[in-house]
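Right, one structure below, let's go through it.
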2 protein chains.
Amino acid sequence: MSVQERKQRERAERERLIVATARELAEQQGWDAVTTRRLAERIEYSQPVLYSHFRGKREIIGAVALEGAAEMAAALRAATSAADGPRARVAALAGTYLDFAARNPAVYDAMFELDGGLAFAHEDTPQPLKDAFAALLDSLTEVAGDGVHPGLFTELFWASLHGLATLTRAGRLPPEHTERRVELLVNRLAKL
Amino acid sequence: MSVQERKQRERAERERLIVATARELAEQQGWDAVTTRRLAERIEYSQPVLYSHFRGKREIIGAVALEGAAEMAAALRAATSAADGPRARVAALAGTYLDFAARNPAVYDAMFELDGGLAFAHEDTPQPLKDAFAALLDSLTEVAGDGVHPGLFTELFWASLHGLATLTRAGRLPPEHTERRVELLVNRLAKL
DNA sequence: TCGTTTGTCTAGCGATGCTAGGATCAGCTC
DNA sequence: GAGCTGATCCTAGCATCGCTAGACAAACGA
């Protein structure tokens with residue numbers, strides 16, 4: 001048994017290595033540079049090994065996305081729990097979200113721009129994604145306003161953050177007034 | 001001279017054909033299906049002909065994006081000019097924007113998701129893009145609120161619409177309550 | 001009528017994601 | 001300890017991608 005267990009451990013370790021390497025490479029040189037050949041070379045295995053862990057490149061992207069979602073959820077929880085009052089919580093939430101997107105562009109792409117084969121808004125949505133949304137929901141429910149469905153409000157708030165994040169990073173929005181835009185968003189959307 | 005002019009006309013016509021075919025193919029089967037080979041086959045010319053009109057695939061995407069931007073700008077103008085009062089104008093603006101994105105997903109991708117090699121928020125931004133932004137700006141200035149820079153407000157409003165459009169189409173947001181989300185967006189962001 | 005230019009096509013390059021089939025090496029049995 | 005077996009990994013290759021070089025033909029000006 002012990003032999004099998006060791007092999008399983010090594011396999012799991014190698015899988016983590018693949019995901020970490022893909023992420024690192026994507027952050028360094030963009031997802032276009034993450035080819036199966038380059039990835040294989042970096043982990044010092046041959047190409048087909050990747051396919052014994054993942055169905056294909058899509059699933060590797062999906063794995064990076066899940067890792068990112070878990071981190072983002074944790075970051076949002078940490079930021080909101082350290083803030084005092086609804087106003088500060090929402091502001092911290094928005095700031096942390098955009099900060100995460102700006103600091104981890106490749107991961108953010110894996111989560112929301114690229115096709116990682118993940119299910120959203122379903123019952124079979126992976127847990128880390130649910131957690132991240134729940135982190136948003138928890139802090140936004142208290143400022144949704146009377147008669148407004150918290151889930152719907154959270155979806156809208158999230159969409160606005162997502163729009164700001166992607167348009168800014170793609171150079172569609174000038175980066176200088178990011179903070180003022182976030183401030184305006186919080187002031188207007190949240191019923192304080 | 002007449003001969004040269006005829007040739008120029010034919011060239012311009014063929015260029016329009018390329019762009020229209022690329023757009024059609026993208027709407028039918030997605031941008032992944034728009035390969036230079038397939039595109040060349042559809043227009044009944046060989047592959048290198050494409051490269052005598054455009055530097056590469058990116059530029060073809062960019063051409064589709066510009067065409068789309070012009071159409072979107074026109075649609076926004078038409079919708080807002082037919083609406084009475086600031087409230088109705090903003091609602092029409094938002095509805096038309098999301099409707100355009102939903103009806104022309106491939107074109108919307110070309111404009112905002114894919115790399116079409118276009119400059120944004122610069123002085124050398126192509127006119128159709130400026131027009132589309134100006135259409136937003138014109139209807140949103142009157143509801144920006146006191147002391148709020150209209151351009152900044154427009155950027156935020158646009159980002160929110162963009163987030164709703166992309167997340168909905170990518171299956172990240174359930175499509176059923178789209179209208180309620182738009183209503184909430186208009187009610188909260190606009191100072192009426 | 002004869003070069004020259006302009007336009008188009010065939011063929012091919014390097015790179016992509018992915019896979020088939022053979023080699024190698026660990027573990028187990030006698 | 002020898003031989004078998006099954007898992008593990010690699011080499012080699014496929015089809016397809018964006019893009020380009022060089023050959024060829026048609027249309028033009030002299």
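In what follows, every chain begins at residue 1, and chains take the letters A, B, ... in the order their sequences are listed.
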Between [X] and [N], is there a side-chain N or O to OP1/OP2 distance below 4.0 Å?
| X | N | value |
| --- | --- | --- |
| B/T36 | D/dC19 | no |
| A/R38 | C/dT16 | yes |
| A/R14 | D/dC9 | yes |

Nearest whole angstrom, please: distance from the [atom2] of [N] to the [atom1] of [X].
| X | N | atom1 | atom2 | result |
| --- | --- | --- | --- | --- |
| A/E10 | D/dA7 | CD | C1' | 13 Å |
| A/Q8 | C/dA26 | CD | P | 19 Å |
| A/E41 | D/dT11 | CD | C1' | 16 Å |
| B/L25 | D/dC17 | CG | P | 11 Å |
| B/R37 | D/dT20 | CZ | C1' | 12 Å |
| A/E15 | D/dT8 | CD | P | 13 Å |
| B/D32 | D/dT16 | CG | C1' | 12 Å |
| B/W31 | D/dT16 | CH2 | P | 21 Å |

Exercise for the section: Enumerate the residues from residues 42-65 of chain B whose closest heavy atom to DNA chain D is under 4.0 Å, giving them by residue number; use none for an empty result. Expected result: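 Contacting residues: B/Q47, B/P48, B/Y51, B/G56, B/K57.
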
Centroid-centroid under 6.0 Å between [X] and [Y] rings:
| X | Y | answer |
| --- | --- | --- |
| B/Y45 | B/H53 | no |
| B/H162 | B/Y108 | yes |
| A/W158 | A/F112 | yes |

Handout entry: Note: A/E71-A/R23 ion pair, threshold 4.0 Å (strictly below)
Key =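 Judged by the 4.0 Å cut-off on N to carboxylate O distance, A/E71 and A/R23 do form a salt bridge.
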
Exercise for the section: Determine, for A/R77 against A/D138, whether the closest basic-nitrogen to carboxylate-oxygen distance falls under 4.0 angstrom. Expected result: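 Salt bridge flag = yes for A/D138 with A/R77.
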
Practice task
Looking at every strand, decide which applies to A/R11 at a 4.0 Å heavy-atom threshold: base, sugar-phosphate, or nothing.
Solution key: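 A/R11: no heavy atom of the nucleic acid under 4.0 Å.
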
Practice task
Go through the side-chain N and O atoms of A/N187 and B/R188 and say whether any donor and acceptor fall under 3.5 Å apart.
Solution key: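 Their side chains do not contain a donor-acceptor pair, so the 3.5 Å distance test is not met.
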
Practice task
Taking B/E27 for its side chain and B/V107 for its backbone only, find out whether a donor-acceptor pair lies under 3.5 Å.
Solution key: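 Such a contact is found between B/E27 side chain and B/V107 backbone.
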
